[in-house]
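So you know, we letter chains A, B, ... as the sequences are listed, proteins then strands, and number each from 1. Predicted model only: the values in this text are computed from it and were never measured.
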Amino acid sequence: MVDCDNFYPNCEKNFMPAWKDRPVGVLSNNDGCLVARSNELKEAGIPMGAPYFKYREQLQAMNAVIVSSNYALYGDMSSRVMTTLGQFSPDIEVYSIDEAWLDLSGFDPATLDAYGREIVTTTKRHTGIPISMGIAPTKVLAKIANRICKRRKIPGHVFNLGSVENLDVVLSTIDVGDIWGIGKRWSKKLRASGIYNARDLRDADPERMRKQFNVVMQRITLELQGFPCLGFEDIQTKKQIIASRSFGERVKSLGPLLEAVAMHATRAGEKLRAQGSVCGAIQVSIRTGRHNPNEAYFRESALAKFPVATADTRRLIKGACQGVKQIYRKGPRYAKAGVMLLDISPAQMVQGSLFETGDSTRSAALMATVDQINQFHGRKTLFFAREGVKQAWSMKRSMTTPAYTTRWEDIPVVS
DNA sequence: TCTGGGGTCCTAGGACCC
DNA sequence: TCTGGGGTCCTAGGACCC
């Protein structure tokens, strides 16, 4: 299990040497929460997901650099890291923007630690991004190894659970809630039945865990015992595609909601076609803010089904707008809108209908053309009028950094 | 006043089929 | 008076992950 250290802050520090020794925090979309923190911020006790406005003064006092999120940069740096990692293993599963599984089975166990350290130094040299590695016979154990690697700040950034002498002691330092796959609810229930750490769970009876919880818990237990239950996965096609955003400011009227869901439907459609799929339905949702106790929470969603599965943005927009008109109520101050594409299947295998026509070849050609133009000349070179032109409701991002690696004008100059 | 945006898997229960 | 046995599909909700 390979995991980038403080990935977003390190992407930013990479291109801004002056920030090297300063605390760096990255905000969520709309500059709402802190979603990534450098070590200094973690050590200062700033929690993950902290609302920015509540911590602004403390952060200022620390002389912290706070930036809006720059996903163009993080996505590009991520693919550089993944490409480097891929050169070291016959099989790699990219698990998230900053994590990957490498298959090291068949390698000589005696050489694994050194090999791991080579992977770490090469990745750092090629990308500037520091990584940590946990090695073990199963995914759940490798996650634990990775955690220990970071917690103990192991020199070389590699921790191999296979070369540990006293595994029982190591496992008993891992709180049950820190095991991959066990969240708040389950850890509470586990503790109530006397299971407090990874060692306790490893020694539990898998059958009993299945009865008491479910098959997922049984698999975690077996993985802790060293029996692999989770294989390498190859997820290129999503089963659902979501596009949603909070508004820069609250929205009350129907017009902006229609523009917003049209834009989200357009983005979702791009993602859908990029993976060669069509969808059978689109769900739209709108909601108010969740945190104001003096304001009633309102949320509603609507589902539009397509008689024949589609990947045509015009149909997606139509479905989304119909849905919004159905559920819109006057009064609430809306904070967020979004769409979800469902019932996704391959574009080559569309079930026709006796009474309705599906996407024509002209439709497919049109969408492909729009996608190509936007890819080549930049996003929104062509857009749908329904998305609106001014988009006064769009999200706030007041502290953006340059797209250092993906926009010609932003490429840093070295002098 | 201001609090993100994506995803997955599993289970239970209802409705239906022969 | 007595009333079988074997399935599928769909949806909502819960739990988890980054």
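- Using a 4.0 Å heavy-atom criterion, one finds that R56(A) contacts no nucleic acid atom at all.
- When the side-chain nitrogen and oxygen atoms of K336(A) are compared with OP1 and OP2 of dG6(B), none of them lie within a distance under 4.0 Å.
- Taking 4.0 angstrom as the limit, K271(A) places a side-chain polar atom (N or O) nearer than this to OP1 or OP2 of dG6(B).
- Here CD of Q372(A) is found 10.0 Å from NE2 of H377(A). Values are rounded to the nearest 0.5 Å.
- The aromatic rings of Y328(A) and Y334(A) lie tilted to each other, with the angle between the two planes from 30° to 60°.
- Using a 4.0 Å heavy-atom cutoff across all strands shown, Y52(A) reaches no nucleic acid atom at all.
- Taking only side-chain atoms of H291(A), from C-beta outward, the nucleotide of dG5(B), dT3(B), dC17(C) with the closest atom is dT3(B).
- For the salt bridge (Lys or Arg N to Asp or Glu O under 4.0 Å) criterion with E295(A), the lone passing option out of R333(A), R290(A), R250(A), R287(A) is R333(A).
- One interatomic measurement links the two molecules: CG of N29(A) to C1' of dC2(B), which rounds to 15 Å at whole-angstrom precision.
- Side-chain proximity of R185(A) to the nucleotides dC18(C), dC16(C), dG4(B) is greatest for dC16(C).
- Look at CG on L27(A): it is 11 Å from P on dG4(B), rounded to the nearest Å.
- In this structure, the nucleotide among dC2(B), dG4(B), dT8(B) sitting nearest to the side chain of K238(A) is dT8(B).
- One finds a side-chain N or O of R333(A) lying less than 4.0 angstrom from the OP1 or OP2 phosphate oxygen of dC2(B).
- Other residues, nucleotides and ligands contribute more than 12 heavy atoms inside 6.0 Å of the CZ atom of R151(A).
- With respect to the salt-bridge test (charged N to carboxylate O, under 4.0 angstrom), the residues R191(A) and D175(A) qualify.
- Summarising the geometry, atom CE belonging to M395(A) is positioned 6.5 Å from atom OG belonging to S69(A); distances are rounded to the nearest 0.5 Å.
- Considering only side-chain atoms of K239(A), the nucleotide from dG6(B), dC2(B), dT8(B) that sits closest is dT8(B).
- Backbone-only engagement by K305(A) is indicated by non-hydrogen atom pairs under 4.0 Å involving sugar-phosphate atoms exclusively.
- Take the nearest nucleotide of DNA chain B for V215(A) and for N292(A): the residue whose nucleotide is more 5' is N292(A).
- At least one side-chain nitrogen or oxygen of R219(A) sits closer than 4.0 Å to the OP1 or OP2 atom of dC10(B).
- For R210(A) and dC10(B), the shortest distance from a side-chain N or O to OP1 or OP2 is not below 4.0 Å.
- When the P atom of dC17(C) is taken as reference, atom NZ of K139(A) falls 14 Å away, rounded to whole Å.
- The side-chain tip of K150(A) does not point at the ring of F159(A) from less than 6.0 angstrom away and within 45° of straight on.
- Distance from the side chain of N214(A) is smallest for dT11(B) among the nucleotides dC17(C), dG4(B), dT11(B).
- Between K396(A) and dT1(B) there is no side-chain N or O to OP1 or OP2 distance below 4.0 Å.
- Spacing of C1' atoms, dC17(B) relative to dG4(C), comes out at 15 Å, to the nearest Å.
- Here dA15(C) presents its P atom at 18 Å from CD1 of I179(A), a figure rounded to the nearest Å.
- Residue K189(A) places no side-chain N or O under 4.0 Å from the OP1 or OP2 atom of dA15(C).
- Rounded to an integer number of Å, the gap from I242(A) CD1 to dC18(C) P is 17 Å.
- OP1 or OP2 of dG5(B) has at least one side-chain nitrogen or oxygen of S246(A) nearer than 4.0 Å.
- When rounded to the nearest whole Å, the span between NZ of K188(A) and C1' of dC16(C) equals 17 Å.
- Note: CD (Q283(A)) to P (dG6(B)) measures 14 Å, nearest angstrom.
- Of the two residues contacting DNA chain B, namely R267(A) and F213(A), the nearest-nucleotide position lying further toward the 5' end is that of R267(A).
- Q240(A) comes within 4.0 angstrom of a base, heavy atoms only.
- The six-membered or imidazole ring of F107(A) lies away from that of F88(A), with a centre-to-centre distance of 6.0 Å or more.
- Taking only side-chain nitrogens and oxygens, R250(A) comes nearer than 4.0 Å to OP1 or OP2 of dT3(B).
- Among the atoms of the strands shown, none is found under 4.0 Å from any heavy atom of I97(A).
- As judged by a 4.0 angstrom heavy-atom cut-off over every strand, A243(A) is placed among residues touching the sugar-phosphate backbone only.
- Listed candidates were dG5(B), dC10(B), dA15(C). Nearest to the side chain of S244(A) is dG5(B).
- Counting any heavy atom pair closer than 4.0 Å across all strands shown, D31(A) reaches no nucleic acid atom.
- When distances run from any side-chain atom of W186(A) to the nucleotides dC18(C), dC16(C), dG5(B), the shortest one goes to dC16(C).
- In this structure, H264(A) places its NE2 atom 12 Å from C1' of dG4(B), rounding to the nearest Å.
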